[in-house]
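Only one structure is covered here, and it is reproduced in the block below.
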Amino acid sequence: MESVKKRLAEFSLEAHELYLNLSVPYLDDLPDPLQFYREWIGPNKPCIIRNAFGHWPALSRWTPDYLREKIGSKVISVAVTPNGYADAVVGDRFVMPEERQMSFSSVLDIIGGKVQRRGVFYIQKQCSNLLHELPELIDDLEPHIPWMSKALGKFPDAVNFWLGDANAITSMHKDPYENLYCVVSGEKHFILLPPTDRPFIPYGAYQPAVYRERDDGEFEVVDEKASQKVPWIPLDPLDPDLERYPQYRQARPLRCSVKAGEMLYLPSLWFHHVQQSHGCIAVNYWYDMEYDIKYNYFQLLESLCEVTGST
């Protein structure tokens, strides 16, 4: 078993040396679908595409005033946490945000500082919330990315809208989707690690719980006792505990910032941690690739790491 564990670590280091970039490359033009598949999707490498959606009306329209007029009265799902960390390990719990139903204008008032409320508010519901909760905004963008849909031979499975406080942080995790992340205003800051770095990334199984604001305004953590434990990454890449997780020293994270008008291609199963500027607005497209050969290959790597206890 130790020999398998050693080979997994060597495999990760070889991936960095042989084909992974030292930084996230930029593309200046819209890609050809077949070329993009060959050079980025197949090798499972991220890139940032400039001028990818300059024709979207959203780039000029999506000001707070426009959004308030267009969808201000809409009631939407909003994630609320005391510290900005939603879906993250806190002590021995995997804690999810309190989900509130609020008008869009109320969220704009809080993020804009017009109304003071405890907690950090983030529109982040990842169930194609743009199409289901905010269909009024569809005319300001595209319901899919034509060249990506052609490259994959399918339409996206979800289109998500994101708007939040600068304190809202997405903890390190991975998704089984090909992800096109489009920043409409502000900036998003990513820490990325490839699936081949999995031997160096710690996982644990945690009791799920949710935040709940009490009548006195303080937040408490309430266990979801009927739910099974959730596998999650306890490490914070902003301040990694290398004494507790020494293997993380061998990981080679990439850092990048995605500005307004830029699109990040985040390949499936890449680990990512996300921060943002205050009031940043973004839209992302998820293409489900769960049955793709690439996905199955990296799932085998995941299984080997679990069996060998590589973390």
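For the single chain, residues carry numbers from 1 onward in sequence order.
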Show every donor-acceptor pair shorter than 3.5 Å between a side-chain atom in residues 110-122 and any protein atom, with sequence neighbours excluded, or say none if there are none.
| unit_1 | atom_1 | unit_2 | atom_2 | d |
| --- | --- | --- | --- | --- |
| Gln116 | NE2 | Gly113 | O | 3.3 |
| Arg118 | NH1 | Glu218 | OE2 | 2.5 |
| Tyr122 | OH | Lys188 | NZ | 2.9 |

Could you go step by step and tell me if Ser77 and Gln101 meet the side chain to side chain donor-acceptor pair (under 3.5 Å) rule? CA-CA 5 Å; Ser77 301; Gln101 298 297 305; 3.0 Å; yes
(request) Start with the C-alpha distance between Ile233 and Phe271, add both sets of side-chain angles, then the distance that settles side chain to side chain contact (heavy atoms under 4.5 Å, CB included), and finish with yes or no. (result) CA-CA 10 Å; Ile233 301 167; Phe271 299 94; 3.7 Å; yes
* Asn284 and Cys182: CA distance, side-chain angles, deciding distance, side chain to side chain contact (heavy atoms under 4.5 Å, CB included) verdict -> CA-CA 6 Å; Asn284 84 300; Cys182 310; over 6 Å; no
- Going through the distances and angles, do Met263 and Ile145 end up as a side chain to side chain contact (heavy atoms under 4.5 Å, CB included)? CA-CA 11 Å; Met263 173 191 292; Ile145 304 299; 4.0 Å; yes
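Using a 4.0 Å cut-off between charged nitrogen and carboxylate oxygen, Lys225 and Asp223 do not count as a salt-bridge pair. Salt bridge present: Arg100 and Glu213 bring a charged side-chain N and a carboxylate O closer than 4.0 Å. Salt-bridge check for Asp109 with Arg68: passed, with a basic side-chain N closer than 4.0 Å to an acidic carboxylate O. The existence of a salt bridge linking Lys74 and Glu133 is excluded, since no basic side-chain nitrogen approaches an acidic carboxylate oxygen closer than 4.0 Å.
Distance OG/Ser257 to NE2/His189: 4.5 Å, rounded to 0.5 Å. From Thr81, atom OG1 reaches atom CZ of Phe219 across 7.0 Å, with rounding to the nearest 0.5 Å. Note that CD of Glu136 and CZ of Phe104 are 10.5 Å apart. Values are rounded to the nearest 0.5 Å. With values rounded to the nearest 0.5 angstrom, Leu27 atom CG is found 5.5 Å from Trp40 atom CH2. In this structure, the separation between CG on Asn44 and CD on Glu178 is 6.5 Å, given to the nearest 0.5 Å. One finds the CG atom of Leu242 at 7.5 Å from the CG atom of Leu235 (value rounded to the nearest 0.5 Å).
With hydrogens and angles disregarded, no donor-acceptor distance shorter than 3.5 Å links the side chain of Asn21 to the backbone of Val24. Counting only distance, with no hydrogens or angles, the side chain of Asp197 and the backbone of Ala251 share no donor-acceptor pair below 3.5 Å. Using a distance-only test at 3.5 Å, with no hydrogens or angles considered, a donor-acceptor pair links the side chain of Asp241 to the main chain of Arg244. Using modelled atom types, one side-chain atom of Asn160 and one backbone atom of Ser128 make a donor-acceptor pair closer than 3.5 Å. Put simply, the side chain of His144 never gets that close to the backbone of Glu142: no donor and acceptor are under 3.5 Å apart. Side-chain atoms of Asp236 come within 3.5 Å of backbone atoms of Leu238 as a donor-acceptor pair (strictly under, hydrogens ignored). Here the side chain of Ser149 pairs no donor or acceptor atom with the backbone of Pro146 at under 3.5 angstrom.
Taking the side chain as every heavy atom from C-beta outward, Cys256 and Ile48 approach each other to under 4.5 Å. Side-chain contact check for Val159 versus Trp286: every heavy-atom pair is 4.5 Å or farther apart. Put simply, the side chain of Val95 reaches to within 4.5 Å of the side chain of Tyr211, judged on heavy atoms. Cys47 is listed as a side-chain neighbour of Ile49, based on a closest heavy-atom distance under 4.5 Å. Looking at heavy atoms from C-beta onward, Tyr285 lies in side-chain contact with Leu141 at the 4.5 angstrom threshold. Residues Leu193 and Ile201 form a side-chain contact, since some pair of their non-hydrogen atoms from C-beta on lies under 4.5 Å apart. At least one side-chain heavy atom of Gln126 sits under 4.5 Å from a side-chain heavy atom of Gln124. Contact annotation: the side chain of Ser103 never approaches that of Ser73 to less than 4.5 Å [non-hydrogen atoms, C-beta and beyond].
Geometrically, Arg50 engages Tyr26 in a cation-pi contact defined by less than 6.0 Å to the ring centre and at most 45° from the axis.
When every heavy atom of Lys70 is checked against every heavy atom of Leu137, the shortest pair comes out as CG-CD2, 4.1 Å. Nearest heavy-atom pair across Pro234 and Pro202 is CD-O, 3.3 Å. The shortest heavy-atom contact between Met172 and Pro237 is CE-CG, 3.6 Å. Residues His55 and Ala52 come closest through the heavy atom pair CE1-O, 4.0 Å. Between Pro46 and Trp270, the closest heavy-atom pair is CD-CZ2, 3.3 Å. When all heavy atoms are compared, the tightest approach of Asp288 to Tyr177 is CA-CD2, 3.6 Å.
In summary, the side chains of His272 and Asn179 do not present any donor paired with an acceptor at a separation below 3.5 Å, with no hydrogens or angles considered.
Here the two rings, on Phe190 and Tyr181, have centers that are under 6.0 Å apart. The aromatic ring centres of Phe161 and Trp62 sit less than 6.0 Å apart.
If you chain together hydrophobic residues whose side chains sit under 4.5 Å apart, Ile123 and Val75 never meet in one group. Cluster membership for Ile76 and Ile138, using ILVMFWY side-chain heavy atoms within less than 4.5 angstrom, is shared.
Ring-plane geometry between Trp147 and Phe36 is classed as perpendicular, the angle between the planes exceeding 60 degrees on a 0 to 90 degree scale with a lower cut at 30.
Clustering of Ile, Leu, Val, Met, Phe, Trp and Tyr side chains at separations under 4.5 Å places Tyr206 together with Val89, Phe94, Met96, Val210, Val222, Val230, Trp232. In the hydrophobic clustering, where aliphatic and aromatic side chains (Ile, Leu, Val, Met, Phe, Trp, Tyr) are joined below 4.5 Å either directly or transitively, Phe155 stands alone.
Applying the side chain to side chain contact (heavy atoms under 4.5 Å, CB included) test between Val107 and each of Asp165, Leu67, Val78 identifies Val78 as the sole match.
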